[in-house]
Number of protein chains: 2
Amino acid sequence: MEVRTVDTRERILDAGERLFMAHGYEGTSMRQITGEAGVNLAAVNYHFGSKESLMQEVFRRRLDWLNEERMRVLDALEVEAAGQPVKPSAIVDAFFGTLLRMAGDENRGGMTFLRLLGRTLTEPSEFIRAFLAHEYQAVMDRYKEALFRALPEVPKAEIVWRFHFMLGATSYAIAGTDALRLVTDWQIEEEDSTDRLDRLVPRLMSFLLGGLRAPLPQF
Amino acid sequence: MEVRTVDTRERILDAGERLFMAHGYEGTSMRQITGEAGVNLAAVNYHFGSKESLMQEVFRRRLDWLNEERMRVLDALEVEAAGQPVKPSAIVDAFFGTLLRMAGDENRGGMTFLRLLGRTLTEPSEFIRAFLAHEYQAVMDRYKEALFRALPEVPKAEIVWRFHFMLGATSYAIAGTDALRLVTDWQIEEEDSTDRLDRLVPRLMSFLLGGLRAPLPQF
DNA sequence: TTATGATTCATACGTTCGTTTTAATCATAA
DNA sequence: TTATGATTAAAACGAACGTATGAATCATAA
């Protein structure tokens with residue numbers, strides 16, 4: 001069956017996604033990946049060329065759809081607004097909500113990819129940051145522009161900073177099922193993981209919007 | 001001179017701090033560290049025992065003071081409040097402001113340690129997370145309790161989540177002089193780096209407080 | 001059925017890793 | 001000055017790393 005080859009590729013991507021999430025790029029070996037995928041060691045270099053290329057493909061597989069979806073949602077919002085600025089809450093939901101709702105879709109990587117992405121945004125490896133910056137460039141510019149129009153009274157530099165803070169809060173929130181225990185060592189109330197994800201979205205949205213619309217700092 | 005030995009230790013700690021910040025734990029080799037420190041390769045194992053122990057010592061050197069200082073500041077605030085709850089803004093400043101103001105003190109690690117800490121909070125290595133969770137446990141519990149008292153009308157679970165979001169926004173903000181460019185590829189206005197740090201504190205504080213006091217989410 | 005190109009496989013390459021060992025060198029106290 | 005313990009130095013260890021090679025196996029089309 002010629003399905004076998006695409007099968008091998010996908011098995012490698014799935015294993016890489018999970019292992020990079022769990023142990024980081026440098027902390028994951030090709031032997032771990034091929035071992036977990038149940039394929040031969042040489043398969044990664046045959047199908048992807050190198051470990052770096054594999055890492056990039058792990059991200060491209062998910063990010064292409066995500067960022068296109070973000071563009072589509074913002075397009076729809078701007079059409080709907082008919083020339084008026086789009087509401088900040090709608091922009092924030094289009095960017096961060098779209099991301100978080102990926103976590104419920106196992107076909108798009110689910111929580112695994114979400115946590116990988118969250119961790120990778122602070123990853124030190126140079127080629128990963130360069131790759132992500134390139135992948136994100138266009139969608140970032142679109143969303144910044146939308147926020148500039150939505151909040152004309154707020155200095156642009158301030159909006160850029162707050163976008164940055166929102167990215168951080170989100171990355172950390174999704175990266176950290178484990179790191180979370182640093183804060184909630186004794187969980188206040190028990191919630192199963194699906195419940196937690198369902199509630200994370202509104203919780204995070206409230207926080208992000210509160211921060212975005214906070215009074216401007218006095219220097 | 002018997003100063004030489006403590007000199008070697010410190011040179012290794014400084015080099016480790018900088019390199020772990022720049023390339024991560026797995027991405028930094030002992031040969032890089034001893035090379036940059038200008039000491040023999042075996043010196044790390046002689047003075048610290050292992051690479052893991054060195055990493056822990058890099059953190060302990062800075063975190064011991066930081067978390068004690070956080071305790072002292074909160075102590076003072078609670079004495080000053082004389083039984084009344086401490087204001088949320090004061091609590092947030094005591095926790096995050098104390099951290100950020102470390103960045104201006106080169107004797108306490110400055111920006112290098114701050115960025116290392118920011119990145120490490122999402123670091124995948126198991127032993128690092130376990131170590132940090134242990135180091136942070138007591139101070140976290142104190143600050144959570146203070147926030148519970150300061151915001152009696154907010155459910156405790158919600159406060160814990162928002163503390164978590166604040167940690168994320170802060171980590172990312174300090175980790176990311178490079179990742180920042182992902183958002184601000186063309187900088188709106190030029191600011192030199194000291195200016196940027198001076199302004200980061202009030203900017204971040206406004207954002208954090210806005211998020212902490214945002215309206216509660218509707219489920 | 002056979003030829004062909006794609007894929008899988010076992011194996012090995014050269015490097016680099018963290019660590020260990022043994023000897024040389026240093027500072028200090030008797 | 002000499003003996004002693006602490007530190008530094010050079011060299012090597014086995015293990016694990018990413019990658020490359022060439023043969024075996026597979027699916028497919030002529």
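First the proteins, then the strands, lettered A, B, ... as listed; each starts at 1.
Between the P atom of C/dT16 and the NE2 atom of B/His23 lies a distance of 16 Å, rounded to the nearest Å. At whole-Å resolution of the value, CG in A/Asn45 and C1' in D/dG22 are 15 Å apart. The nearest whole Å value for the distance from the CG atom in B/Leu54 to the C1' atom in C/dG18 is 12 Å. Taking atom CZ on B/Arg9 and atom P on D/dT8, their separation rounds to 11 Å, with Å as the unit. Taking atom CG on B/Asp7 and atom C1' on D/dA6, their separation rounds to 16 Å, with Å as the unit. The distance from atom CD of B/Glu52 to atom P of C/dT19 is 8 Å, rounded to the nearest whole Å. If you take CD of B/Gln32 and C1' of C/dC17, they are 11 Å apart, rounded to a whole angstrom. Regarding B/Met55, its CE atom lies at a distance of 17 Å from the P atom of C/dC17, rounded to whole Å.
Side-chain atoms of B/Tyr46 lie closest to D/dT7 of the nucleotides C/dT19, D/dT7, D/dT21. Residue B/Ser29 places its side chain closer to C/dC17 than to any other of D/dC17, C/dC17, C/dA6. Which of C/dT7, D/dG18, D/dA10 sits closest to the side chain of A/His47 comes down to C/dT7. Comparing C/dT8, C/dT19, D/dA20 against the side chain of B/Met30 picks out C/dT19 as the nearest.
The two residues A/Leu116 and A/Thr120 have their closest heavy-atom pair at O-OG1, 2.6 Å.
Relative ring orientation between A/Tyr25 and A/Phe20 is described as tilted, the plane-to-plane angle lying within the 30° to 60° band. Using bins of under 30°, 30° to 60° and over 60° for the plane-to-plane angle, the ring pair A/Phe95/A/Tyr143 lands in the perpendicular bin.
C/dT22 and D/dA9 make up a base pair, with Watson-Crick or G-U wobble contacts both under 3.5 Å. Remark: D/dA16 base-pairs with C/dT15; criterion is Watson-Crick or G-U wobble with both hydrogen-bond distances under 3.5 Å. Nucleotide C/dA30: paired with D/dT1 (Watson-Crick or G-U wobble, both distances less than 3.5 Å).
A residue-by-residue look at A/Arg31 and A/Ala43 shows that A/Ala43 has its nearest nucleotide of DNA chain C further toward the 5' end.
Contact annotation: the side chain of A/Thr98 never approaches that of A/Met102 to less than 4.5 Å [non-hydrogen atoms, C-beta and beyond]. Contact of the A/Phe207 side chain with the B/Trp161 side chain is not registered, since no non-hydrogen atoms from C-beta on lie closer than 4.5 Å.
Residue A/Ser50 places none of its side-chain N or O atoms closer than 4.0 Å to OP1 or OP2 of D/dG18. Remark: B/Asn40 is not in phosphate contact with D/dT7, judged by side-chain N or O atoms under 4.0 Å from OP1 or OP2.
Using a 4.0 Å heavy-atom distance criterion, A/Thr28 is classed as a sugar-phosphate-only contact.
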